[in-house]
Q: 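Dropping the structure in here first, questions after.
Lettering follows sequence order; numbering is per chain, from 1.
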There are 2 protein chains.
Amino acid sequence: MGRAREFDEEKVLDAAMQLFWEKGYEATSLSDLTSRMGIQKPSIYAAFGDKKELFEAALRKYMMSRASHVRTKLQKNPSVKDAFRAFFEGVIAEEYTENRSRGCFCINTMVELAPHDEKFEILTREHQMYLSVIFQETIERGIQSGELEFGVNAKALSQALIVSLIGLTVIMKSRPERSFVDNTLEVTLTLLK
Amino acid sequence: MGRAREFDEEKVLDAAMQLFWEKGYEATSLSDLTSRMGIQKPSIYAAFGDKKELFEAALRKYMMSRASHVRTKLQKNPSVKDAFRAFFEGVIAEEYTENRSRGCFCINTMVELAPHDEKFEILTREHQMYLSVIFQETIERGIQSGELEFGVNAKALSQALIVSLIGLTVIMKSRPERSFVDNTLEVTLTLLK
DNA sequence: CATTATTTGTACCGAACGGTAAAATAAATA
DNA sequence: TATTTATTTTACCGTTCGGTACAAATAATG
């Protein structure tokens with residue numbers, strides 16, 4: 001019964017995600033969204049609610065796919081040290097390949113919205129904690145395999161690596177010389193020694 | 001000749017700085033600014049130009065005072081390790097003391113504007129590079145005094161510390177448990193051996 | 001085929017946006 | 001004191017904002 005929806009909900013949500021990711025919440029207008037999503041405002045409201053709810057849906061979608069990507073990448077390599085190196089190098093390469101860096105949607109939101117909106121404070125914090133657990137599991141795998149020393153504090157170390165990842169992601173938005181991030185990565189990876 | 005200005009340019013610029021620092025560029029309206037600065041829009045335009053120019057002036061003022069504060073803090077302590085620890089702990093305490101964290105105005109701008117405005121890409125990058133030189137000089141002082149090993153790569157290490165500082169500042173916006181940042185700090189400081 | 005239920009496009013809402021013209025005000029100069 | 005020059009206040013500009021009422025369009029149901 002009733003007219004069938006003409007758009008793919010996942011497709012248009014993905015378009016909204018890209019836009020919010022690039023421009024942030026405030027700087028993205030509904031008119032920007034209708035162009036990019038290819039549907040009109042009433043369709044957006046019917047499917048996702050108001051602008052903030054659409055933003056939240058887009059952010060959740062990002063976080064899901066991001067966490068899964070991180071887990072996959074870290075599990076791919078039998079060596080934990082190599083896995084972290086490859087992961088960080090991948091993040092760096094991505095930013096330096098694209099003409100303009102998008103960084104991380106979650107980090108952008110942590111800066112723009114978390115201090116003024118408790119919902120996003122919680123949402124972004126939980127995502128970072130989740131990533132840090134993925135890091136921790138990887139480190140524990142390295143301890144188990146004997147690649148890392150038995151005495152390593154997996155939790156603290158994983159948290160420090162998350163913080164470095166955030167710092168790297170953020171400073172790359174200012175396009176520092178490549179040597180800056182390369183130096184940083186080398187020093188940071190010595191924490192796994 | 002002519003009517004004298006009734007407001008203190010430094011005072012009202014400082015008020016604008018606080019506001020932009022808290023809310024960012026897009027989310028701060030001219031109406032917000034007139035309330036906080038205590039002057040009307042034409043006075044703002046006469047003294048500072050348009051919204052972006054006012055923002056830039058506010059950011060420059062912030063960066064100056066920030067760099068000077070960092071230099072002072074690091075120079076105060078004869079021990080380089082203690083100096084870095086005290087500095088990082090100060091940054092952390094500041095965020096956890098205030099009800100809502102403002103973070104760092106420069107970092108906020110790096111996230112919000114640097115990817116879409118080359119002027120702010122350069123401005124924020126140069127500030128971070130300047131801070132990293134201050135870090136580097138401090139580390140070199142530690143090498144000279146014998147507190148740090150002679151073989152330490154002062155430049156790379158200072159860059160890694162800057163990245164950790166950025167990461168810490170950003171993640172605190174999501175109000176993680178105190179143990180998270182404490183762990184991170186302990187691990188990060190091991191880089192100074 | 002007529003009815004019903006839903007989505008679509010259009011057109012519009014009041015409010016807020018960044019920015020400015022112009023008159024009123026006040027200080028310094030002549 | 002009259003004039004000049006700059007600043008302040010007020011009122012307003014056109015545009016865009018997020019959001020919605022409404023009617024045309026379209027699909028499934030009876």
Q: Name the first nucleotide and the last nucleotide along DNA chain C (5' to 3') that come under 4.0 Å of a heavy atom in chain B.
A: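 Both ends considered, the range comes out as C:dC17 to C:dA28.
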Q: Please state how far atom CG in A:Leu33 lies from atom C1' in D:dC17, giving the value in whole angstrom units.
A: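 It is 12 Å, rounded to the nearest whole Å.
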Q: Would you mind classifying the nucleic acid contact of A:Thr28 as base, sugar-phosphate or nothing, using non-hydrogen atoms under 4.0 angstrom?
A: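 The answer is sugar-phosphate, as A:Thr28 gets under 4.0 Å only of primed atoms, P, OP1 or OP2.
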Q: Is the terminal nitrogen or CZ of B:Arg66 (NZ for Lys, CZ for Arg) located under 6.0 angstrom from the six-membered ring centre of B:Phe105 and within 45° of that ring's axis?
A: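 No; the conditions do not both hold, so B:Arg66 does not lie above the ring face of B:Phe105.
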Q: Can you list every side-chain hydrogen bond (donor to acceptor under 3.5 Å, both in side chains) pair that touches residues 2-13 of chain A, not counting sequence neighbours?
A: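 Of all non-adjacent pairs touching residues 2-13 of chain A, those that pass side-chain hydrogen bond (donor to acceptor under 3.5 Å, both in side chains) are A:Arg3-A:Glu6, A:Arg5-A:Glu9, A:Glu10-A:Lys61.
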Q: Who else is in the cluster with A:Val133 when I, L, V, M, F, W and Y are joined by side-chain contacts under 4.5 Å?
A: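 A:Val133 clusters with nothing; isolated.
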Q: Using ring-ring contact (aromatic ring centres under 6.0 Å, His included) as the criterion, list what pairs up with B:Phe87, not counting sequence neighbours.
A: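 Here the qualifying residues are B:Phe135.
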Q: May I ask you to check whether A:Ser29 and A:Asp32 show a side-chain donor-acceptor distance below 3.5 Å?
A: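 Indeed, the side chains of A:Ser29 and A:Asp32 share at least one donor-acceptor pair under 3.5 Å.
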Q: Identify which one of A:Glu95, A:Glu94, A:Gln18 satisfies the side-chain hydrogen bond (donor to acceptor under 3.5 Å, both in side chains) criterion when paired with A:Arg102.
A: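 That would be A:Gln18.
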Q: Run the ring-ring contact (aromatic ring centres under 6.0 Å, His included) test against A:Phe48 and tell me which residues pass, sequence neighbours left out.
A: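 Once residues adjacent in sequence are excluded, A:Phe48 has no partner under the ring-ring contact (aromatic ring centres under 6.0 Å, His included) criterion.
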Q: Can you build the contact string for nucleotides 7-12 of chain D? Use B for base contact, S for sugar-phosphate-only contact, and - for no protein heavy atom under 4.0 Å.
A: BSBB--
Q: Less than 4.0 Å between a side-chain N and a carboxylate O, is that true for A:Glu137 and A:Arg141?
A: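 So A:Arg141 does not pair with A:Glu137 through a salt bridge.
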Q: To the nearest Å, give me how far apart CD (A:Glu53) and C1' (D:dG18) are.
A: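 In whole Å, D:dG18 C1' lies 13 Å from A:Glu53 CD.
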